[in-house]
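Start at 1 and go down the list; that is how both ligands and their atoms are numbered.
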Amino acid sequence: MSEQPDGVAEYVARGEAMAAAEAHRRSIMRTKKFDTIAVHGIYDMEAALANQGSIIEPGFMSSAQHFENSDHMEAALAYLMPAWVYSRIANPTVHYLEETLALLEGYGFDGEASAVATSSGMAAVFMATNPFLEKPNAGMNIVASCRCYGGTFMLFAERYGAERGVDIRWVRNPLDLNEWADKVDGNTRFVYGETPSNPSLSVTDIAAVADIAHAAGLPFIVDSTVATPALTRPLTLGADIVVHSTTKSMTASGFAIGGAVIARHGITTDIGPTEMRENFAMYVKLLPFRDHGPGVSPFNALMTLNDLRTLRHRMDSMSSSTMQVAQYLEGHDHIARVAYPGIDSMPGHDVAARTMWLVDGADDYGTEVNRYGHLVSFEVKGGATAARRVFDGFEMIWRATDLGRIKSVATIPAISTHQQQGDEGRELASVPPNLIRLNVGGEHPDDIIADLDQALSALDRRSIVTRLRGDA
Ligand SMILES: *Cc1c(COP(=O)(O)O)cnc(C)c1O
């Protein structure tokens with residue numbers, strides 16, 4: 001035996017001990033409540049003592065890791081031991097975030113889950129789906145809800161569809177289970193949903209669609225950005241892979257763009273190598289993610305980690321405010337329609353009421369409570385012109401293409417997030433020109449409603465003028 005392999009073997013053994021210690025930390029945290037996990041993740045006292053005692057996870061801004069010697073380097077770069085090597089591949093701060101996300105998304109799920117953090121939500125959607133499109137064949141298709149984020153629509157329709165020839169089978173009404181089932185065939189690579197969807201707030205029955213996908217041997221991938229794990233955890237309902245834009249409610253401060261893919265171990269698929277089925281997130285992180293390069297900056301990971309600690313409390317209070325705002329809007333003369341999963345008139349409200357619960361809500365309220373998130377959309381009577389008048393009249397609610405914020409923000413999706421899809425694409429995604437999407441922030445709901453009220457009153461003034469002119 002030469003000296004070198006023995007040296008490498010020593011590092012492999014050290015790596016096994018490190019992995020076992022981390023598995024132990026993870027198993028301890030899995031016994032804790034959601035808030036405790038959100039606050040601590042896997043960063044415990046032992047980890048702190050190895051980091052100069054810092055009680056907060058340190059931000060490792062370094063591009064690369066120094067090795068003790070060539071054996072250590074060889075073991076690390078061959079993935080024979082836990083190491084971070086180079087920040088595009090892995091980074092200790094990003095790792096704290098990934099472990100926290102895996103624990104939060106896996107809360108209440110009786111299997112194992114792993115996570116990979118990405119540079120944006122779109123990078124997450126790409127990394128969650130692209131591995132299933134290997135070895136293209138004639139007839140290769142995907143089945144996806146057309147009620148999805150504008151960027152996802154473009155990725156699927158343009159990048160996968162138009163450029164690569166993947167047949168994109170849009171499910172027009174995600175509540176219609178027959179539509180999902182009818183579109184799946186032997187050439188389908190994955191089934192994709194987003195619930196509640198941005199911006200139409202369409203709801204999908206995750207458990208029912210997961211059953212349809214699994215019956216065909218396919219994975220069900222769910223974008224759960226709008227719900228967050230504080231309200232819905234798709235893995236517990238049967239989904240295989242969850243994607244997030246962590247940019248949104250998870251990083252409510254608005255200080256970072258980021259995303260994540262969280263997958264159960266043992267996903268349903270017959271595509272790719274065994275490792276891909278066994279631990280999809282780890283497979284993606286070690287191979288395709290390394291080669292595509294969509295890693296998140298450690299600074300951004302730290303910003304997200306910091307905001308995650310209060311996720312449940314924010315989703316609780318902002319959801320309550322949004323319910324009040326939705327009820328106010330529903331009763332307003334100038335509003336044609338309100339889309340919010342929490343209101344009775346919303347198609348799919350029954351599905352939302354079954355699946356959207358404040359995690360550990362009984363601890364606060366003595367009984368489980370439904371919470372429906374802080375995104376609401378509404379159509380203004382009088383078409384695009386009236387909607388723009390109301391939008392331009394906001395005095396506190398920011399005009400920006402953003403959501404998930406602690407500050408109230410509104411956009412007109414037809415001219416922003418869904419601008420590139422054309423009339424046909426917008427019609428498909430249910431994005432009419434008079435739709436305003438409102439992210440309800442952490443302000444007092446009375447002040448949010450007051451701003452909406454004064455902006456909507458511009459339409460009263462107009463009708464008075466019209467009436468006085470006699471051309472009503
Ligand atoms: C914003 C968003 C994305 C994309 O996330 P980025 O972080 O902006 O890349 C994906 N899905 C949903 C539902 C979103 O709201």
Side-chain angles (χ1 to χ4, degrees), residues 94 97 101 105 115-130 144-160 174 192-204 206 221-232 234 239 241-262 289 292-297 299-301 303-304 307-308 315 318 322 339 341 356 372-377 400-405 409-413 416-421 429-431 435 437-441:
V94 174
L97 172 63
L101 289 171
E105 227 15 280
V116 52
T118 58
S119 57
S120 69
M122 282 317 303
V125 176
F126 176 71
M127 289 316 315
T129 53
N130 189 59
S145 170
C146 68
R147 308 279 175 91
C148 66
Y149 177 66
T152 305
F153 188 94
M154 296 303 282
L155 173 69
F156 290 179
E158 296 301 319
R159 308 283 84 76
Y160 292 168
Y192 189 96
E194 180 178 311
T195 184
S197 71
N198 168 14
S200 65
L201 280 311
S202 293
V203 176
T204 298
I206 296 170
I221 306 169
V222 177
D223 183 334
S224 190
T225 298
V226 172
T228 82
L231 307 184
T232 304
I241 300 168
V242 179
V243 298
H244 280 287
S245 166
T246 57
T247 314
K248 309 295 167 53
S249 307
M250 286 190 182
T251 315
S253 59
F255 284 163
I257 300 285
V261 178
I262 301 114
F289 171 88
H292 286 287
V296 64
S297 138
F299 180 81
N300 284 15
M303 293 297 106
T304 302
D307 282 1
L308 264 184
M315 292 308 285
M318 296 197 296
T322 311
M356 298 186 76
Y372 299 101
H374 60 127
L375 194 65
V376 57
S377 288
T401 52
D402 205 2
L403 60 94
R405 290 304 140 251
V409 185
T411 192
I412 298 180
S416 58
T417 53
H418 286 66
Q419 181 252 111
Q420 294 166 62
Q421 295 179 11
S430 301
V431 180
L435 185 81
R437 184 190 74 188
L438 172 65
N439 159 84
V440 174

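In this structure, M122 and P294 have side chains that are not in contact, with every pair of non-hydrogen atoms separated by 4.5 Å or more.
Qualifying salt bridge (Lys or Arg N to Asp or Glu O under 4.0 Å) partners for D402, counting only residues two or more places apart in sequence or in other chains: R405. Looking at residues two or more places apart in sequence or on another chain, you find a side chain to side chain contact (heavy atoms under 4.5 Å, CB included) between S200 and R147, S197, S202, S430. When the side chain to side chain contact (heavy atoms under 4.5 Å, CB included) test is applied to A339, the partners found at least two apart in sequence or on another chain are L201, R337, M346, S377.
The two residues R437 and N198 make their nearest non-hydrogen contact at NH1-OD1, 2.7 Å.
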Is there any protein N/O under 3.5 Å from an N/O of ligand 1, and what does the full list of such pairs look like?
{"residue": "ligand 1", "atom": "5 (O)", "partner": "S245", "partner atom": "OG", "Å": "3.0"}
{"residue": "ligand 1", "atom": "7 (O)", "partner": "G121", "partner atom": "N", "Å": "2.8"}
{"residue": "ligand 1", "atom": "7 (O)", "partner": "S245", "partner atom": "OG", "Å": "2.8"}
{"residue": "ligand 1", "atom": "7 (O)", "partner": "T247", "partner atom": "OG1", "Å": "2.7"}
{"residue": "ligand 1", "atom": "9 (O)", "partner": "G121", "partner atom": "N", "Å": "3.0"}
{"residue": "ligand 1", "atom": "9 (O)", "partner": "M122", "partner atom": "N", "Å": "2.9"}
{"residue": "ligand 1", "atom": "11 (N)", "partner": "D223", "partner atom": "OD2", "Å": "2.6"}
{"residue": "ligand 1", "atom": "15 (O)", "partner": "N198", "partner atom": "ND2", "Å": "2.9"}
{"residue": "ligand 1", "atom": "15 (O)", "partner": "K248", "partner atom": "NZ", "Å": "2.8"}

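Ring geometry, F126 versus H292: the interplanar angle exceeds 60°, so the pair is classed perpendicular (tilted spans 30 to 60°).
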